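Here the structure is laid out as structure tokens; the discussion comes afterwards.
Quick caveat: nothing in here was measured; it's all calculated off a predicted structure. Just the heavy atoms: all of them, side chains too, but no hydrogens, waters or symmetry mates, feed the values below.
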Amino acid sequence: MKKHLILVGLILLKFIIQYQLISPIYDLHRDEFLHLDQANHLAWGYLSVPPLTSWLSYLIKILGNSVFWIKFFPALFGALTILVVWKTIEELKGGLFALIFGTSCVIFSVLFRLNTLYQPNSFDVLSWTLIYYFIIRYLNSGHHKWLYFIAVAFALGFLNKYNIAFLIVGLIPAIIAVPERKVLFNSKFYYSILIAFLIILPNLIWQYMNNFPVLYHFKELAETQLINVNRWSFIRSQFLFFSELFLLSDLDYMLYYVILHFENIGYSCCLFYHNWCFSIFKS
């Protein structure tokens, strides 16, 4: 009961701070206007983003298009991320201190800014976090239902933002490198892939029917914006954004698996492989 009250308090604190960060002297960000206008042009895809944000925009439109609701959903996704982090720590047998410390590090981070803007980024972070949580649940229990949860989380993340594909690129060599690769010979694994494929299929068909505008968008970003991104600066910023977590979490995590569970080092390496993929492809 005590843990539940603390969790509820942390989530309420997240919402309160998020709304306190909104200043009435500023208008909405230009990207927010873009995403809100998609509610008037519902489709299975757009030039710059997949369709999930437009569905949220339509719901916001029904609710009145007020600033409260526009800012509510990114704050909600941030709060749900906190919940998933809490449940992940519980699954890893963390005590009360670990629960408070871990969730506090997530709350008081760069996510404050991210969860202020009505953009696909907040749900993107949530979907990545959910997938890792479901992976941990599957590894701990072996229940096949978690494979299906992973599939749905990936599919929704894909319909929100395409860069979740980099997560899969990072996980593939990690899975191959450890004994858990036996999941590749499990029929349920391929059923889950089929479920994910069917969920994202309408968007893939839309992309095909419109000559894959996402490729044009990526090319345009690379030529006009990402050309100004320095790879080493990007990698360095990943440590700075969550500096309070890195030394006390990532290093301890790696040392634990290197010393006590060397066979699972692949999962640690995949975190660094993700950053490598992002830097190489200027994502």
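Judged purely by atom type and a 3.5 angstrom limit, Glu32 uses its side chain to pair as donor or acceptor with the backbone of Tyr118. In this structure, the side chain of Asn186 engages the main chain of Lys188 through a donor-acceptor pair within 3.5 Å. The backbone N or O of Phe101 lies less than 3.5 Å from no partner atom in the side chain of Ser104, so there is not a single donor-acceptor pair.
Nearest heavy-atom pair across Gln38 and Tyr46 is O-OH, 3.5 Å. The shortest heavy-atom contact between Leu147 and Ser192 is O-CB, 3.5 Å. Minimum interatomic distance between Lys71 and Tyr19 (heavy atoms only, all atoms of both residues): C-OH, 3.9 Å. Heavy atoms only, all atoms of each residue included: His41 and Asp37 are closest at CD2-O, 3.2 Å. Here the shortest heavy-atom pairing between Ile89 and Gly102 reads CD1-CA, 3.8 Å. Across all their heavy atoms, Phe112 and Thr116 have their closest contact at O-OG1, 2.7 Å.
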Test side chain to side chain contact (heavy atoms under 4.5 Å, CB included) applied to Thr88 and Tyr132, step by step: CA-CA 9 Å; Thr88 302; Tyr132 278 117; over 6 Å; no

Test side chain to side chain contact (heavy atoms under 4.5 Å, CB included) applied to Asn115 and Phe73, step by step: CA-CA 8 Å; Asn115 298 149; Phe73 286 99; over 6 Å; no

Chi angles and distances behind the side chain to side chain contact (heavy atoms under 4.5 Å, CB included) call for Leu130, Leu156: CA-CA 11 Å; Leu130 264 177; Leu156 292 177; over 6 Å; no

Worked check of side chain to side chain contact (heavy atoms under 4.5 Å, CB included) between Trp69 and Ile62: CA-CA 10 Å; Trp69 289 113; Ile62 294 175; over 6 Å; no

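Remark: Ile135 CD1 to Asn140 CG distance equals 12.0 Å, nearest 0.5 Å. We find the CG-OG distance between Leu159 and Ser127 to be 10.5 Å, quoted to the nearest 0.5 Å. Distance CH2/Trp44 to CD1/Ile200: 11.0 Å, rounded to 0.5 Å. With rounding to the nearest 0.5 Å, the separation of OG1 in Thr81 from NZ in Lys14 is 8.0 Å. The line from CG of Leu117 to NE2 of His29 is 6.0 Å long, rounded to the nearest 0.5 Å. Leu28 contributes atom CG, which lies 4.5 Å from atom CZ of Phe33 (distance to the nearest 0.5 angstrom).
In summary, the aromatic rings of Tyr133 and Phe149 are positioned with their centroids too far apart to meet the 6.0 Å limit.
Tracing side-chain contacts under 4.5 Å through hydrophobic residues (I, L, V, M, F, W, Y), one reaches Tyr208 starting from Leu204; they form part of the same cluster. Both Trp55 and Phe77 are part of a single hydrophobic cluster, where members link through side-chain heavy atoms under 4.5 Å apart. With hydrophobic clusters built from ILVMFWY side chains whose heavy atoms lie under 4.5 angstrom apart, Ile131 shares a cluster with Ile193. Grouping the Ile, Leu, Val, Met, Phe, Trp and Tyr side chains by contacts below 4.5 angstrom, directly or via other members, places Leu139 with Ile172. Placement of Leu21 and Ile82 within a single hydrophobic cluster is found when ILVMFWY residues are connected by side-chain heavy-atom separations under 4.5 Å, directly or transitively.
Annotation: Tyr58, atom OH; neighbour count of heavy atoms from other residues, nucleotides and ligands within 6.0 Å does not exceed 12. In this structure, His4 places its NE2 atom where only 12 or fewer heavy-atom neighbours from other residues, nucleotides or ligands lie under 6.0 Å away. Around atom OH of Tyr190, more than 12 heavy atoms belonging to other residues, nucleotides or ligands sit under 6.0 Å away. Within 6.0 Å of OH on Tyr191 lie no more than 12 heavy atoms contributed by other residues, nucleotides or ligands.
Taking the side chain as every heavy atom from C-beta outward, Gln207 and Asn203 approach each other to under 4.5 Å. Side-chain contact between Leu36 and Ile70 is present, with at least one heavy-atom pair separated by less than 4.5 Å. For the pair Trp86 and Lys3, the minimum side-chain heavy-atom distance is below 4.5 Å. Side-chain atoms of Asn40 and Lys61, non-hydrogen and from C-beta on, do get closer than 4.5 Å to each other. Within the 4.5 Å cutoff, no side-chain heavy atoms of Pro50 are placed close to those of Trp206. Between Leu96 and Ile6, the closest side-chain pair of non-hydrogen atoms falls below 4.5 Å. In this structure, Val49 and Tyr162 have side chains that are not in contact, with every pair of non-hydrogen atoms separated by 4.5 Å or more. In this structure, Lys219 and Leu215 have side chains that are not in contact, with every pair of non-hydrogen atoms separated by 4.5 Å or more.
Side-chain contact check for Asn121 and Asp124: no donor-acceptor pair (N or O, by modelled atom type) lies under 3.5 Å.
The aromatic rings of Phe154 and Phe158 lie tilted to each other, with the angle between the two planes from 30° to 60°. Using cut-offs of 30° and 60° for the angle between ring planes, the Phe68 and Phe72 rings count as parallel.
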